[in-house]
Amino acid sequence: MTITTPDTPHAQPLLDWYDRHHRDLPWRVTPAMAARGVKPDPYRVWLSEVMLQQTTVQVVKPYFERFLTRWPEVTDLASAESDAVMAAWAGLGYYARARNLKKCAEAVAKEHGGIFPDTEAGLKALPGIGDYTAAAVAAIAFNRRAAVMDGNVERVISRLHAIETSLPAAKPVMKDKVALMTPADRPGDFAQAMMDLGATICTPKRPACSLCLFRGSCQALKLSDPELFPVKAAKKEKPVRHGAAFIAVTGDGEILLRRRAESGLLGGMTEVPTTAWTARIDGETSVTAAPFEAAWLACGTVIHVFTHFELRLSIWRAAIAAKPTLNDGVNDEWWEPVTNLEAQALPTIMKKAIAAAIPLAFKTSKA
DNA sequence: AAGACGGGGTG
DNA sequence: CACCCAGTCTT
């Protein structure tokens, strides 16, 4: 968003607050570091922002460190094996992000000489970079006066102005307010300060208004109840789907795995053979839908909640004496040593399914 | 404009 | 349990 209006009196007090209260995060150039001449690395800013899409700071931290150690620069990521990137992303969710991360790295390496575009428009043209990430990278990495608005900022703005219009309809108005506030000096720190404020003070539940530097000008606090903002459209309930998953293990300790389709749910990730996931329980077909005849043993049910439905997966296990012939000509399934499961691109639901059949398959019981 | 798309942290 | 998170892409 092009900003032509001057910043409001909110900006400087927020920057002062940020200098005193900012969080020290692995991808962040703190004000103290900036004073020593440290410049933000666009690759790190971009990588962190993509990981942070709909994902909390705490969850992202270890993934960010592992990615940076393994692929220190965008060109390293561009030349990496896709399977390795997907396996490293496993557990973070929204796997289209990982596929687009790889595409974006390749585009930067091949079409931009390994240098990230330094404008909002140039960034937004890249895979996996939308309104938020383009503005965030432009502001934080390139000091551009871009209006950065994420869920945290939406909450702060909606309370500051007591915006009664519900989300997402209110987004354009809220973005105008952010643009009005964003200063020409230190726009990146301003954006991070707004997000820090939303994450630590202006929280969804029980906000710490007494500690907020905007307590004197917050319209929601003055006129109403900050916790009632932002107003959101009513959400619909999640349907339940059912299916069965089959864990086949040979005497040599190998398990049958397959690769999911490139697009769609868990696209490009690894799974154990499963039935289709349907609305109705079909008990009779559960075992007969197994990949092959075997003495399948029931291992209970795993429940996993996705964004738009809940999945109840019946788990079946069988000890295989001799490897059955896999589907003729279909090369998307293979036998993998159970000892090598950690290196696979297994999403959390699949780790839970395998763990239900083979309790010691993974180091952590949670996965 | 609405739906698809994960998983974990938090109260 | 519900809610929410440094959103993006497709239809």
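Convention: sequence-line order gives letters A, B, ...; per-chain numbering from 1. Everything numeric in this text was worked out from a predicted model, so none of it was measured.
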Task: Test item: side-chain donor near acceptor, A/Lys238 and A/His308, under 3.5 Å - done: no

Task: Residue closer to the 5' end of DNA chain C, A/Ala134 versus A/Pro204 (nearest nucleotide) - done: A/Pro204

Open item on the list: Any donor-acceptor pair under 3.5 Å linking the side-chain atoms of A/Gln12 with those of A/Asp16?
Closed with: yes

Open item on the list: Roughly how many Å apart are B/dC5 and C/dC4, using the P atom of each and rounding to a whole number?
Closed with: 22 Å

Task: Under-4.0 Å side-chain N/O to phosphate OP1/OP2 contact, A/Lys236 with B/dG3 - done: yes

TODO: Considering only atom P, compute the distance from C/dC9 to B/dG8 and round it to an integer number of Å.
DONE: 24 Å

Open item on the list: Just to be sure I understand the rule, does A/Tyr132 reach a base, reach only the sugar-phosphate, or reach nothing, if contact means heavy atoms closer than 4.0 Å?
Closed with: base

Open item on the list: For a quick check of understanding: with a heavy-atom distance under 4.0 Å over all strands, which category does A/Gly264 fall into, base, sugar-phosphate or nothing?
Closed with: sugar-phosphate

Open item on the list: Rounding to an integer number of angstrom, what distance separates C/dT8 and B/dG9 when you compare their P atoms?
Closed with: 23 Å

Task: Row check, A/Phe190 ring normal vs A/Arg186 NZ/CZ: under 6.0 Å, within 45° - done: no

TODO: Mind listing the residues from residues 89-97 of chain A sitting with a heavy atom below 4.0 Å of DNA chain B? Number order is fine.
DONE: A/Gly91, A/Leu92, A/Gly93, A/Tyr94, A/Tyr95, A/Arg97

Task: Nucleotide nearest A/Gln53 when distance is taken to its side chain, options B/dC5, B/dG6, C/dG7 - done: C/dG7

Open item on the list: Is there a side-chain hydrogen bond (donor to acceptor under 3.5 Å, both in side chains) between A/Thr55 and A/Arg97? Walk through the geometry before answering.
Closed with: CA-CA 11 Å; A/Thr55 310; A/Arg97 290 187 296 170; 3.1 Å; yes

Open item on the list: Base, sugar-phosphate or nothing for A/Arg155? Non-hydrogen atoms, less than 4.0 Å.
Closed with: sugar-phosphate

TODO: Check every strand shown and say whether A/Leu197 touches a base, only sugar-phosphate, or nothing at a heavy-atom separation below 4.0 Å.
DONE: nothing

Task: Listed nucleotide nearest any side-chain atom of A/His304, set B/dG7, C/dT8, B/dC5 - done: B/dG7

Open item on the list: Need one value for A/Thr133: base, sugar-phosphate or nothing, where a base atom within 4.0 Å counts as base even if backbone is also close, heavy atoms only.
Closed with: sugar-phosphate

Open item on the list: Does A/Trp27 reach a base, just sugar-phosphate, or nothing at all? Heavy atoms under 4.0 Å.
Closed with: base

- [ ] Select base, sugar-phosphate, or nothing to describe what A/Gln54 touches, counting heavy atoms under 4.0 Å on all strands.
- [x] base

Open item on the list: Please give the distance between the P atoms of B/dA4 and C/dA6 as a whole number of Å.
Closed with: 24 Å

Open item on the list: Please classify the nucleic acid contact of A/Pro168 as base, sugar-phosphate, or nothing, using heavy-atom distances under 4.0 Å.
Closed with: nothing

TODO: Using a cut-off of strictly less than 4.0 Å, decide whether A/Gln58 has a side-chain nitrogen or oxygen near OP1 or OP2 of B/dT10.
DONE: yes

Open item on the list: What contact category does A/Lys171 fall into here, base, sugar-phosphate, or nothing, at under 4.0 angstrom with non-hydrogen atoms?
Closed with: nothing

